[in-house]
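Written below as structure tokens is the structure these notes are about.
In what follows, every heavy atom counts, from backbone to side chain, and hydrogens, waters and symmetry copies are set aside.
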Amino acid sequence: VQLQASGGGLVQAGGSLRLSCAASGRTLRSYAVGWFRQAPGKEREFVAAVTRSFGTSYADSVKGRFAISRDNAKNMVYLEMNSLKPEGTAVYYCAASTSVVITTSRLYNYWGQGTQVTVSS
């Protein structure tokens, strides 16, 4: 499956962005889908994920501010990001996994190219 992340941009602190992850080649229905982010000089970290059965998981740092959703009919996954903070500046990646463990990046099989999110203070 090929993944394409989009929707990043420059936003002021407190603002919102909606990231999209479009899949092609295969249906996303068979995969858990996660969002990860990597800031300059830092390791890639888990942000949020949605399971095949629509269960969700979030990093503590984004709970209550971010919401992940999926639309299997459109082969899309979304990440709604609200109350953005400058420390959220990073490249955001979507990824697909056949694993039941959805918070570990090494268990994801397919990755998109990433979209830059910059939050100004």
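Using a distance-only test at 3.5 Å, with no hydrogens or angles considered, a donor-acceptor pair links the side chain of Ser97 to the main chain of Leu107. In this structure, the side chain of Gln113 does not engage the main chain of Gln4 through any donor-acceptor pair within 3.5 Å. A donor-acceptor pair is defined here as one N or O able to donate and one able to accept, closer than 3.5 Å; no such pair exists between the side chain of Asn75 and the backbone of Arg29. Side chain of Thr51 to main chain of Ala32: no donor-acceptor pair is present (N/O by atom type, distance under 3.5 Å, no hydrogens or angles). Using a distance-only test at 3.5 Å, with no hydrogens or angles considered, no donor-acceptor pair links the side chain of Asn82 to the main chain of Ser16.
Contact check for Leu3 versus Leu28: side-chain heavy atoms found under the 4.5 Å cut-off. Put simply, the side chain of Phe66 does not reach to within 4.5 Å of the side chain of Leu19, judged on heavy atoms. Considering only heavy atoms from C-beta on, Met76 comes within 4.5 Å of Ser20 through its side chain.
Residues Val119 and Val91 do not share a hydrophobic cluster, defined by chaining ILVMFWY side chains whose heavy atoms lie under 4.5 Å apart. Note: the hydrophobic cluster containing Tyr78 does not contain Tyr93 (ILVMFWY, side chain heavy atoms under 4.5 Å, direct or indirect links). Under the 4.5 Å side-chain contact rule for hydrophobic residues, Val33 and Val62 share a cluster.
Atoms CD and OG1, on Gln116 and Thr89 in that order, are 7.0 Å from each other to the nearest 0.5 Å. Taken from CD in Glu87 to OG in Ser61, the straight-line distance is 8.5 Å, to the nearest 0.5 Å.
Across Leu79 and Ala48, no two heavy atoms sit closer than the pair CD1-CB, 4.0 Å. Contact detail for Val1 and Ala96: the closest heavy-atom pair is CG1-CB, 4.4 Å. Across Val50 and Ile68, no two heavy atoms sit closer than the pair N-CD1, 3.7 Å. The two atoms that bring Ser57 and Thr103 nearest to each other are OG-CG2, 3.7 Å, heavy atoms only. Thr115 and Gly8 get closest at one heavy-atom pair: OG1-N, 3.0 Å. Annotation for Ala13 and Ser121: closest pair CB-CA, 4.4 Å, computed over non-hydrogen atoms.
Applying the salt bridge (charged side-chain N to carboxylate O under 4.0 Å, His left out) test to residues at least two apart or on different chains, the pairs with a partner in residues 50-71 are Asp60-Lys63. Listed by first and then second residue, the ring-ring contact (aromatic ring centres under 6.0 Å, His included) pairs that reach into residues 6-50 are Tyr31-Tyr110, Phe36-Phe46, Phe36-Tyr108, Phe36-Trp111, sequence neighbours excluded. For residues 101-116, no pair satisfies salt bridge (charged side-chain N to carboxylate O under 4.0 Å, His left out), with sequence neighbours left out.
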Apply the test side-chain contact (heavy atoms from CB on, under 4.5 Å) to residues Val117 and Arg37: give CA-CA distance (whole Å), side-chain angles for both, the deciding distance (0.1 Å), then the verdict. CA-CA 9 Å; Val117 172; Arg37 65 188 179 188; over 6 Å; no
